[in-house]
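See below for the structure under consideration.
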Amino acid sequence: MRKNNHNPDLKNFDVELYHDQLGRLGSGVLSFGGNQCACVNLLISDNALELRTDDAKFDLVKAVTNEGSTFCLCDCKANGITLYADYVIDGDLKEAAVDSISVRYSDVSEWFLHWRTIDGSVGKTLNWTQIPKDINVSVETDNEHFDLRSAYCSSHRQLGEDLVLHEHVEFIFSAKASKFNLADVKAKTHELSCLLSILLAYPATIISVVVSQGSGCSYRIYFPTFERPERAKDDGKFWIQCFIQQPALDGRWQSIFDHYYQSKYRKVCWVRLSGMQRYDGFWEYKVLGYVSLLDSYLNIRFDRVSPSESLPPSSKKRRKFLHDLTQEFPTMLSDERDKIVEIANEAFSSTTLSFSNKYRLAIEESDIDIIKIINLSEDEFSLIKKVRDRVAHGDDHGLEQEQFPTVIRAQAKIALLLTYWAFLDFGFMAQEFIACLEKTHSNLKLAAMIDSVYMQRVTGAAEFFSVTTEKLRLLRGIKGLRVQSCCTENEIGEIEFSEEFTKKYRGWLNDTTRTSTIHDPEQIFGLSKDQARLVNQGYFECGEDRFAVYHMWIIKKIDSSSKYTPALS
């Protein structure tokens, strides 16, 4: 396996330049790497006439170092005393066409390999278990045909008394119908980066790309790409910040890639959705980006959809027209004014769906539970759309101070909503998306400030007890009910706070002599398991008003005349 030789630093070499037809072109200093555009700063005293012509282009120029190493500079353009190259290949290639592309992404290996474990004893035998299944898919569209697989790479080295094990995953594209050109190298690695970024809800950054021709040598290729987001060096919880976990994808990669490469949204919407994850600038432009991306998605989705009947102008426009008409012709009879308004409505009715119409239609066609969990209100959508329109036209956003949090929250909800539609486009079901949303600690979820109570209702993560308004008021007033309490439940499901059992429960919790931490009703209350159950989280509610409780025992009443039946030993 290839060693981990990733080096992002800028590299500089004294080189001489050669061209297959033109011969020696001159000398200079070659600089590349570090996500910088590759270039050769030419020596004024030593460069050929062909390099002195601005905008002169060369498909392939070879740069030979003083040590005899060769770099291939591809898609070159001269400008003054500088030769720029779109790609640098670390090796001597006869043509700029390759059979395979191997790419490695930052942080993806950590996510991909998280669930595998190491069993055994150091110095004896170590076994890797729960190793994830490799990706092995074939993609065929009208324009391309290639295979894609993942490969586990590992190495080790001695560092003083420490033995350092390294492991990562690479993704390998193999050409089928025809070889890859250099544009394919950039496009394929970027397309996969976009897919992984949406699945993880975290930017998958290209950190190394290697190409090969046939079964011969492999060559490192360099071209500018995005910077890797900063992460704390001791961050060991990255995996839980990812939106979906790798085991959920085992066995379905072929289906995901089929959906992705056949998607009508891939080249516009999903590229931009993944790209917006990297944006870290002025909030107005982030709002502009996400709302415009939503607009673009809806335009593609409803490209050929027309309303069943003509849509009248908005109520706001109708009111303004009526107001202006009244101001201009104050003596006009009301019947005449109404007739003019009616004619104007018919004349200016639209036969195409507006942005707002398309948005509402998309919401109606989406899973109702997810829409309620994301909880983007009509007022929030109208406000952020208004801000987007003003920013797009270079106007002041017009927000009051208290409206800023609403707009920022609405922008995060739109990002989450677009991710949901992307997951559907990749072949996932709504319930799978909810399962991801429930478990992840992704900033995509946290920033959207979802309706966590409704999600708990949908997933069954909490229990809900319907009570009257008066009962809810009484329960709120009970000291000690919210955390580590006990209630009794009669035959018809009515629940009452029990001070007696609460005292027993807390006595058990505070007992330093107990030998078990398992919440067993027999040990705590002397009751059988069918008489008592623990509610980790619950809500007493009346309509939209609710009161949360945590770690509450529900104990069944037998009847009013009998005592509680102790568990049989």
Side-chain angles (χ1 to χ4, degrees), residues 2 5-8 10-11 13 15 17-22 25 30-40 50-51 55-65 69-79 82-105 139 141-149 170-195 204-227 261 266-267 271 275:
R2 186 164 49 252
N5 60 349
H6 169 56
N7 182 2
L10 187 66
K11 301 168 180 61
F13 297 93
V15 296
L17 304 179
Y18 295 90
H19 189 271
D20 283 348
Q21 283 77 43
L22 301 174
L25 294 177
L30 169 64
S31 300
F32 66 91
N35 279 332
Q36 302 296 313
C37 183
C39 66
V40 179
E50 289 83 1
L51 293 179
D55 297 332
K57 296 180 180 179
F58 308 90
D59 291 338
L60 181 64
V61 174
K62 297 185 179 181
V64 181
T65 69
S69 299
T70 300
F71 293 99
C72 288
L73 312 183
C74 306
D75 294 350
C76 304
K77 184 177 181 180
N79 186 1
T82 305
L83 181 71
Y84 295 96
D86 287 344
Y87 306 91
V88 175
I89 300 175
D90 188 354
D92 189 359
L93 271 67
K94 301 301 180 184
E95 61 174 344
V98 299
D99 296 296
S100 71
I101 309 163
S102 178
V103 56
R104 181 181 165 206
Y105 299 99
V139 175
T141 68
D142 293 339
N143 303 316
E144 52 194 350
H145 187 192
F146 62 89
D147 291 340
L148 173 66
R149 63 184 177 88
E170 294 183 359
F171 300 89
I172 303 169
F173 296 84
S174 300
K176 299 294 288 184
S178 59
K179 291 185 177 183
F180 296 123
N181 59 34
L182 294 180
D184 290 328
V185 174
K186 195 171 186 178
K188 292 289 173 289
T189 54
H190 184 239
E191 286 168 355
L192 180 55
S193 167
C194 292
L195 174 61
T205 305
I206 298 170
I207 58 174
S208 66
V209 180
V210 174
V211 297
S212 65
Q213 294 178 330
S215 57
C217 297
S218 297
Y219 307 93
R220 180 79 181 271
I221 184 169
Y222 299 85
F223 51 85
T225 184
F226 299 105
E227 295 287 346
Y261 274 92
R266 172 170 61 94
K267 293 186 177 181
V271 168

Taking the side chain as C-beta and beyond, is there a heavy-atom pair between [X] and [Y] under 4.5 Å?
| X | Y | result |
| --- | --- | --- |
| D59 | C74 | no |
| V209 | Y222 | no |
| I221 | V185 | yes |
| V64 | V15 | no |
| T205 | E227 | no |
| V61 | L25 | yes |
| I172 | L148 | no |

Could you tell me which non-hydrogen atom of F173 sits nearest to which non-hydrogen atom of F180, and how far apart they are?
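Heavy atoms only, the tightest pair is O-CE1, 3.8 Å.
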Taking all non-hydrogen atoms of both residues, which atom of C37 and which atom of Y84 are closest, and how far apart?
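Nearest heavy atoms, C37 then Y84: SG-CD2, 4.1 Å.
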List for me each residue that meets side-chain hydrogen bond (donor to acceptor under 3.5 Å, both in side chains) alongside [X], sequence neighbours excluded, and say none if there are none.
| X | result |
| --- | --- |
| Y18 | E16 |
| Y219 | none |
| Q213 | none |

Evaluate side chain to side chain contact (heavy atoms under 4.5 Å, CB included) for L30 paired with L73, printing each intermediate quantity in order.
CA-CA 10 Å; L30 169 64; L73 312 183; 4.0 Å; yes
Verify side chain to side chain contact (heavy atoms under 4.5 Å, CB included) between L83 and L51, making sure each step is shown before the conclusion.
CA-CA 8 Å; L83 181 71; L51 293 179; 4.1 Å; yes
Using only atom types and a distance under 3.5 Å, with no angle test, would you say the side chain of N35 pairs donor to acceptor with the backbone of F226?
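Confirmed, N35 side chain pairs with F226 backbone.
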Indicate the ring-plane relationship of [X] and [Y], choosing parallel, tilted or perpendicular according to the 30° and 60° boundaries.
| X | Y | answer |
| --- | --- | --- |
| F58 | H19 | perpendicular |
| Y87 | F223 | perpendicular |
| F171 | Y105 | tilted |

Which residues satisfy the salt bridge (charged side-chain N to carboxylate O under 4.0 Å, His left out) test with D142, sequence neighbours excluded?
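So D142 forms no salt bridge (charged side-chain N to carboxylate O under 4.0 Å, His left out) with any residue.
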Does either side chain, that of S212 or that of S100, offer a donor lying less than 3.5 Å from an acceptor on the other one?
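Per modelled atom types, S212 and S100 side chains form a pair under 3.5 Å.
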Derivation and outcome, side chain to side chain contact (heavy atoms under 4.5 Å, CB included), residues R220 and S208:
CA-CA 8 Å; R220 180 79 181 271; S208 66; 3.6 Å; yes
Which is it for I89 and L182 under the side chain to side chain contact (heavy atoms under 4.5 Å, CB included) test, yes or no, and what are the steps along the way?
CA-CA 10 Å; I89 300 175; L182 294 180; 4.2 Å; yes
Any side-chain hydrogen bond (donor to acceptor under 3.5 Å, both in side chains) involving residues 181-190? Give me the pairs, sequence neighbours left out, ordered by first then second residue.
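Qualifying pairs, neighbours excluded: E144-K188.
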Review item, side-chain donor-acceptor pairs of residues 90-97, under 3.5 Å, at least two apart:
{"from": "D92", "atom 1": "OD1", "to": "K62", "atom 2": "NZ", "distance (Å)": "2.7"}
{"from": "E95", "atom 1": "OE2", "to": "K179", "atom 2": "NZ", "distance (Å)": "3.3"}

